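Quick caveat, the model's predicted, so the values are computed rather than measured.
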Amino acid sequence: IIFALIILFFTYTNIVSADNSYDDIDFETTIVKICHSRLNYNIISPVLNNNYVLDVRNGNLQNGALIQLWEFWNGANQIWKIENYRINSKSYIILKSLLNNKCLDMIDGTGPNLQLWDCDINNINQQWLVDDIDKVKGQSFTTIVSINHINKLYCLTYDKIDDWELIYLSLCDEKNINQMFYMTKI
């Protein structure tokens, strides 16, 4: 077993090098998980109200658990692990809940609502792009874009209606501050 682990380590080290060069990999047939030396746990909060974070409603552990915005209290249902992948030379991330290792998923592939579902790195409903936006007033933030739609890009969007803090997908607009989020490592 130890011999197999050593072989696996050297094979994996050769696939993903320290400088993240992928020159020798055939991405037509290879899926590569890009690992970092430490875990990448984050909270995700809208720029307009960073007291609220992406939250698995009621700490539900089942497939189909709805995603909402809720006041931050450092619960496992509010912490997300970001995993980077490359398939066929395209990079994307999946967002895994610390609560149950299920992934942020676009309901039925159409949105606008979000849910948790068993992770499948080939499921386009769980593949996201993170577009880092330059620092504004000393703060950097991102947009989180679904790659499910080929002709139109849908972004994670924050809204406040009366006393409700809402999170959903809507058409991307690079000037819409409601689509700008902090991804804060914890």
When rounded to the nearest 0.5 angstrom, what distance separates [atom1] in [X] from [atom2] in [Y]?
X	Y	atom1	atom2	result
D159	N178	CG	CG	5.5 Å
I124	S146	CD1	OG	7.5 Å
Q62	Q115	CD	CD	12.5 Å
I94	N125	CD1	CG	13.0 Å

same_hphob_cluster([X], [Y]) at 4.5 Å side-chain heavy-atom cutoff:
X	Y	value
Y168	M106	no
I167	W117	no
V47	L69	yes
I93	L156	yes

Is a donor on one side and an acceptor on the other found under 3.5 Å between the side chain of [X] and the backbone of [Y]?
X	Y	answer
Q78	E71	yes
N100	L61	yes
N63	D118	yes
T157	C155	yes
N77	V56	yes
Q68	L54	no
Y92	I121	yes
N42	N40	yes
D120	N122	yes
N58	N60	no

Just so I know, are the side chains of [X] and [Y] near enough to count as touching, which here means a heavy-atom distance under 4.5 Å?
X	Y	value
L98	W80	no
S91	Y85	no
I79	I186	yes
Y158	L166	no
E165	N49	yes
N74	F72	yes
I82	M183	yes
L66	I107	yes

Nearest heavy-atom neighbours spanning [X] and [Y]:
X	Y	answer
K96	E83	NZ-OE2, 3.4 Å
L104	L116	N-CD2, 3.9 Å
C119	K102	SG-C, 3.6 Å
A76	S97	O-OG, 3.9 Å
L171	Q179	O-NE2, 2.8 Å
C172	Y154	SG-C, 3.4 Å

Problem - Heavy-atom neighbours of W128 CH2 exceed 12 at 6.0 Å - result: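 Enclosed: over 12 neighbouring heavy atoms sit under 6.0 Å from CH2 of W128.
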Fill in the blank from the handout: Result for side chain to side chain contact (heavy atoms under 4.5 Å, CB included) between L169 and one of L114, L153, I144 points to L114
Practice task
Report the C-alpha separation of I67 and D55 in whole Å, then their side-chain angles, then the decisive distance to 0.1 Å, and conclude whether the side-chain contact (heavy atoms from CB on, under 4.5 Å) test is met.
Solution key: CA-CA 6 Å; I67 304 302; D55 178 283; over 6 Å; no
Practice task
Apply the test side-chain contact (heavy atoms from CB on, under 4.5 Å) to residues Y52 and S45: give CA-CA distance (whole Å), side-chain angles for both, the deciding distance (0.1 Å), then the verdict.
Solution key: CA-CA 6 Å; Y52 282 78; S45 58; over 6 Å; no
